[in-house]
Amino acid sequence: MKRRKSSNTSAPAFFCLILAAVLLLTGKAGGDELLKDILSNLAQNDRFVRAALALETGEYTENVENKSSETVIEVSDTEQPEQPAQTPEQTTEKQPVNPDEIPKADTVTFSNQSGYEFNLQSMLDNPKRVIADSDEPLVLIYHTHATEAYTPSGSDTYTASGEQRTLDTNQNMVRVGEELCKVLESRGIKTIHLTDLNDYPSYNGSYGESLRNVQAALKKYPSVKMTIDIHRDAILNADGTPKKLSTDINGKTAAQMMLVMGTDASGLAFDDWEEHLGYAVTLQRELDAAYPNLMRSINLRKQRFNLHLTPASMLLEVGTSGNTLQEAIYSIQLFGDTLATYMLAPK
């Protein structure tokens, strides 16, 4: 039985809808100049902008100017402590997953912020996989917040376009997506990579931008069964410095990752969110078994995050702003190898 908690977005969202209807009637009545003046004033009104943004994200913020645009999540005492960074000379080659040698994890843990309940045991008992039943593209990778970047390290430096953000696609989330594409393509899985900077020049509205771009791509490539929106998280230490989440795998430092899954609790249509969640549970279980401590708990949220577009859509946070790009690349390679082995089953 699903249970929904009350949302604080309904009042501002309702206000936006009513105002939009009034403006539409004004335009139809011939008041074009008046309509332009009203829209100009509203665009400069923070309260209206926050209310309009609530329609997209499902959350209403009281102070946009003082609120970081990053997702800041408190880390529990059970999270894996960070490991010291290693130089390339200290690293070893990653070992591919061998499914015959890896036992299944007993369960999957959650950070449930949705207000809903669901049957986890049923999801564990009935794993969901994407069947590779054609030679057409199967996976689509994109980036709602493409300009997110990591802590500069070694040769991985960049010109910042904001706080730990850059337009350099060799240093931001586009690079991480490209590395995942390489792994999947090497396993014979055709993958589409959208490199649009959906959060530039404006962060607000980035989910609307990525929605339009992904919908257009799915129309062009109807064979796609899985979309992956790749981000990086932002967590702060008590002193305000970026926190790094990492773990040691095969003698090499990997950035910890987190699957973020959506629901319809914000009011946006997403009736089959539990079915979609089943794919994430299957993948998380295999990742936990193959690489313990690589994955943080699945974060189940009220927002939809465009995850309604295909049955196996997921949002993946690869490390945090405290990690380095190389740590993120290593993690996404492990992720891609496991994804190809367990999730993308041949016909």
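Here, residue 1 is the first one in the sequence, and each next residue gets the next number.
Of the inter-residue distances, the one linking Thr166 atom OG1 with Asp168 atom CG reads 5.0 Å to the nearest 0.5 angstrom. The distance from the NZ atom of Lys302 to the CG atom of Asn112 is 10.5 Å, given to the nearest 0.5 Å. Note: Asn172 CG to Leu325 CG = 9.0 Å, rounded to the nearest 0.5 Å. Atom CG of Asp248 sits about 10.0 Å away from atom CG of Asn293, to the nearest 0.5 Å. Distance check, rounded to the nearest 0.5 Å: CD of Gln113 to OG of Ser111 gives 4.0 Å. Here the NE2-CZ distance, from His308 to Phe270, works out to 8.0 Å after rounding to the nearest 0.5 Å.
For Phe118 and Phe110, the ring centers are positioned less than 6.0 Å apart. The ring of His231 has its center no closer than 6.0 angstrom to the ring center of Phe305.
Here the closest non-hydrogen pair linking Thr151 and Ser321 is OG1-O, 2.6 Å. Of all the heavy atoms in Leu334 and Leu287, the pair that sits closest is O-CD2, 4.4 Å. For the residue pair Met123 and Leu277, the shortest heavy atom distance occurs at CE-CD2, 3.8 Å. The two residues Met314 and Leu283 have their closest heavy-atom pair at SD-CD2, 3.8 Å.
A side-chain donor-acceptor contact under 3.5 Å links Thr282 to the backbone of Gly278. With Ser223 contributing its side chain and Pro137 its backbone, the two residues share a donor-acceptor pair below 3.5 Å. Within the 3.5 Å criterion, the main-chain N or O of Lys252 finds no donor-acceptor partner in the side chain of Asn250.
Taking the six-membered ring where the residue is Trp, His193 and His143 present perpendicular rings, their angle passing 60° and hence far from 30°. Ring geometry for Tyr116 versus Trp273: interplanar angle under 30°, hence parallel rather than tilted (30 to 60°).
The existence of a salt bridge linking Arg175 and Glu179 is confirmed by a sub-4.0 Å separation between a basic side-chain nitrogen and an acidic carboxylate oxygen. Taking a cutoff of 4.0 Å between a charged side-chain nitrogen and a carboxylate oxygen, Arg285 and Asp106 do not qualify as a salt bridge. In summary, Arg187 and Asp337 engage in a salt bridge, as defined by a charged side-chain N under 4.0 Å from a carboxylate O. The pair Arg165-Asp199 meets the salt-bridge criterion, since a charged nitrogen lies less than 4.0 angstrom from a carboxylate oxygen. Ion pair Lys244/Glu327 flagged as a salt bridge, since at least one NZ, NE, NH1 or NH2 atom sits closer than 4.0 Å to an Asp/Glu carboxylate oxygen.
Under the side-chain hydrogen bond (donor to acceptor under 3.5 Å, both in side chains) rule, Ser210 has a single partner from Asn198, Asn306, Asp229, which is Asn306. Exactly one residue among Arg296, Lys243, Gln256 makes a side-chain hydrogen bond (donor to acceptor under 3.5 Å, both in side chains) with Asp233. That residue is Arg296.
Proximity of Leu294 to Ser331: side-chain heavy atoms (C-beta onward) are separated by under 4.5 Å at one or more points. Residues Ile332 and Leu316 meet the side-chain proximity criterion, which asks for heavy atoms closer than 4.5 Å. Side-chain contact between Gln284 and Tyr279 is absent, with no heavy-atom pair separated by less than 4.5 Å. In this structure, the side chains of Leu315 and Leu307 come closer than 4.5 Å at one or more pairs of heavy atoms. The closest side-chain heavy-atom distance from Met226 to Ile228 is below 4.5 Å.
Side-chain contact of Thr324 with Ser153: a donor-acceptor pair under 3.5 Å is absent, judged by distance alone. Residues Glu209 and Asn213 bring no donor and acceptor atom of their side chains to less than 3.5 Å of each other.
The neighbour count for Tyr200 OH, taken as heavy atoms of other residues, nucleotides or ligands under 6.0 Å away, does not exceed 12.
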Intermediate values then yes/no, side chain to side chain donor-acceptor pair (under 3.5 Å), Asp239 and Thr241: CA-CA 6 Å; Asp239 61 0; Thr241 58; 2.6 Å; yes
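Residues Leu194 and Leu218 share a single hydrophobic cluster, defined by chaining ILVMFWY side chains whose heavy atoms lie under 4.5 Å apart.
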